[in-house]
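Have a look at the structure below, then the notes.
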Number of protein chains: 2
Amino acid sequence: MADPASPLDALGPALEGRWRTATEFVEAVLKAAILEGRLPGGTALRQEELAERFGVSRMPVREALRQLEAQALVDMVPHRGAVVTEISAADAADTYAIRRALEPAALRLSIPRLAPAQLDTAAEIILAMDAEPEPGRMGLLNRRFHMALYAAAGHRRLLALTAAQLAACDRYLRFHLAAHGREHLSQQDHRAMLAAARAGDAPRAVAVLEAHLDRAAGAIARFFAARGG
Amino acid sequence: MADPASPLDALGPALEGRWRTATEFVEAVLKAAILEGRLPGGTALRQEELAERFGVSRMPVREALRQLEAQALVDMVPHRGAVVTEISAADAADTYAIRRALEPAALRLSIPRLAPAQLDTAAEIILAMDAEPEPGRMGLLNRRFHMALYAAAGHRRLLALTAAQLAACDRYLRFHLAAHGREHLSQQDHRAMLAAARAGDAPRAVAVLEAHLDRAAGAIARFFAARGG
DNA sequence: CATCCGTTGATTGGATCCAATCTTACGCTA
DNA sequence: TAGCGTAAGATTGGATCCAATCAACGGATG
């Protein structure tokens, strides 16, 4: 049965939850596996193999792969199949350039309208991140923190785009954590952003955010430079 | 046969061209129809009806609808079908907020690396826009002009996102044209941006672009305010 | 008369089957 | 032996069929 050592063994458990459709289910599991790095870039995603693993037919798999392609998580070529998008220094720079454009805009729009409850939520997430040992969940918490600060921006599509780019960065976050260890400085930035947001000081919060993103992008660029040669 | 007066009568001709797959074909035709305003917001997109019109089965239609959903051009609800996304003042503001964030970043990255040939291309597009009477093609030319200026930015995904948002704005461009008539001032902005780009003056080009986008967003907001009450 | 509930029709989600395309391997030829 | 053409297998795209879900309507009941 166990085709020996398929890359898809890393798909992980079925992510307990209620799914409206099989397509949503397959998409969610695949997306989590890609973002958390369990399915590395370049992994071929055969429809039939995935269908068998998920216990569904090939059709929901096909639709899920299309959705992931739209999110730039897999590359599809007609009649040749889907492959997990490769990560690279160029792609990391690309993703961070997008975040660097979107997130300051979202933060500027959001800060004047942030409710105290939303700020408290952000503060709780910071504490949860201090206590989180697992890198996989750390990415989720990091996303949640950033989105909590942007949540009041209105502009649903801007927020959706921002969330998608933040998720894409999760694939690089593990490198960041590996390089800096757990005592990375991000939490200082997060606290500074939260403080500025509480004070209603949008320019300062934006400045911290931009430095935060630049630092992260720089760290990942150095990581690739040191590794890839 | 002719179910009398279906909204899908506006789908238009089959956009001569070679398509790798039926899905791509359906997606391209639907996308063009939505962007050019022939399929207004709220139009229900029944899979079977579309399949019959395109002479394919329901499956490529389903995949195309999924792709369009990812581009925020249609809304899909499980078991209830797809509807062309409604346009609104809020959505217009949202889209322009995204452009306002992305395009200055792309322009800043691109200008130092723009080749003379790319600048010449942009200049030609401006002339073509002067001569273009049809609003549908005007949107395409406008997109091409902007993307020509950003083309040297590198960062494929940033450019892809930017192009998608530019396309989304096409749905509002018709209002802009209707309000300002053909002697709209956009062309002055375009010429100023091109001149600044030629001079390598990124800050000035970005300033013109930002004013350009703000003016367009304002015009559309006023249009909705005057109409919707 | 209003409300609740079951039934019916329409529509989509999913499964299975067939066709088209790509990859690979083999054999032939120069 | 290198290169090319062809044939077999694998894999995806598309069509058709069935099942699940939703909306609407009508009747029973308080």
Side-chain angles (χ1 to χ4, degrees), chain A residues 1 3-8 11 14-15 17-31 34 39 42-71 73-86, chain B residues 1 3-8 11 14-15 17-31 34 39 42-70 73-85:
Chain A
M1 192 158 295
D3 312 44
S6 162
L8 270 51
L11 273 180
L15 282 186
R18 303 294 310 179
W19 310 102
R20 307 268 332 240
T21 65
T23 299
E24 291 179 5
F25 165 70
V26 173
E27 181 194 346
V29 176
L30 276 178
K31 181 171 179 176
I34 295 173
L39 287 179
T43 305
L45 299 173
R46 293 278 150 244
Q47 295 177 3
E48 197 139 10
E49 191 177 358
L50 290 169
E52 195 173 354
R53 293 222 171 222
F54 287 117
V56 299
S57 84
R58 267 181 45 216
M59 174 145 341
V61 173
R62 276 163 65 173
E63 299 207 349
L65 289 175
R66 291 258 157 182
Q67 302 278 90
L68 295 172
E69 183 196 22
Q71 300 168 46
L73 294 179
V74 310
D75 293 324
M76 293 187 76
V77 179
H79 296 106
R80 278 177 37 181
V83 174
V84 177
T85 306
E86 293 279 2
Chain B
M1 204 150 297
D3 312 45
S6 162
L8 272 52
L11 272 179
L15 282 187
R18 300 294 310 177
W19 311 101
R20 306 272 327 247
T21 66
T23 299
E24 290 179 6
F25 165 70
V26 174
E27 181 194 347
V29 176
L30 276 178
K31 181 173 179 174
I34 294 173
L39 286 179
T43 305
L45 299 173
R46 259 356 99 226
Q47 295 178 3
E48 197 141 9
E49 190 177 358
L50 289 169
E52 195 173 356
R53 293 221 170 222
F54 287 117
V56 299
S57 83
R58 267 179 45 213
M59 175 143 341
V61 173
R62 276 163 65 174
E63 299 208 348
L65 289 176
R66 275 265 146 82
Q67 303 274 94
L68 295 172
E69 183 196 22
L73 294 179
V74 310
D75 293 323
M76 293 187 76
V77 178
H79 297 106
R80 281 178 35 183
V83 173
V84 178
T85 305

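Chain letters run A, B, ... following the sequence lines, proteins first and then strands; every chain starts at 1.
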Assign each of B:M59 and B:E48 to its nearest nucleotide of DNA chain C by heavy atoms, then name whichever residue's nucleotide is nearer the 5' end. B:E48
Residue closer to the 5' end of DNA chain C, A:P78 versus B:R80 (nearest nucleotide):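 Residue closer to the 5' terminus by nearest nucleotide: B:R80.
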Contact between A:V26 and A:L50 at the side-chain level, heavy atoms closer than 4.5 Å - yes or no? no
Kindly indicate whether the side chain of B:E63, heavy atoms from C-beta on, has any atom under 4.5 Å from the side chain of B:T21.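 Side-chain contact under 4.5 Å: no.
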Listed nucleotide nearest any side-chain atom of [X], set [options]:
X     : options                : result
A:P60 : D:dT11, C:dG14, D:dG13 : C:dG14
A:R20 : D:dC22, C:dG14, D:dT12 : D:dC22
A:S57 : C:dT16, C:dT21, D:dG14 : C:dT16

Output the rounded distance in Å from [atom1] ([X]) to [atom2] ([N]).
X     : N      : atom1 : atom2 : answer
A:L65 : C:dG14 : CG    : C1'   : 16 Å
A:L50 : C:dA15 : CG    : P     : 14 Å
B:L45 : C:dT12 : CG    : C1'   : 14 Å
A:E69 : D:dG13 : CD    : P     : 10 Å
A:E52 : C:dA15 : CD    : C1'   : 15 Å
A:R46 : D:dG13 : CZ    : C1'   : 15 Å
A:E24 : C:dT12 : CD    : C1'   : 13 Å
A:E49 : D:dT12 : CD    : P     : 10 Å

So which atom in [X] and which in [Y] form the shortest heavy-atom distance, rounded to 0.1 Å?
X     : Y     : value
B:V56 : B:A22 : CG1-CB, 4.1 Å
B:A82 : B:L65 : CB-CD1, 4.0 Å
A:E24 : B:P78 : OE2-CG, 3.7 Å

Determine whether a donor-acceptor pair (one donor, one acceptor, N or O, separation below 3.5 Å) exists between the side chain of A:R58 and the base of C:dG14.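 No such pair is found, so the answer is no.
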Answer yes or no: side-chain N or O of B:R62 and base N or O of C:dG14 forming a donor-acceptor pair under 3.5 Å. yes
Would you tell me if any nitrogen or oxygen in the side chain of A:T23 comes within less than 4.0 Å of OP1 or OP2 on C:dG13? no
Would one find a side-chain N or O of B:Q47 under 4.0 angstrom from OP1 or OP2 of C:dG13?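 True: B:Q47 side-chain N/O within range (under 4.0 Å) of C:dG13 OP1/OP2.
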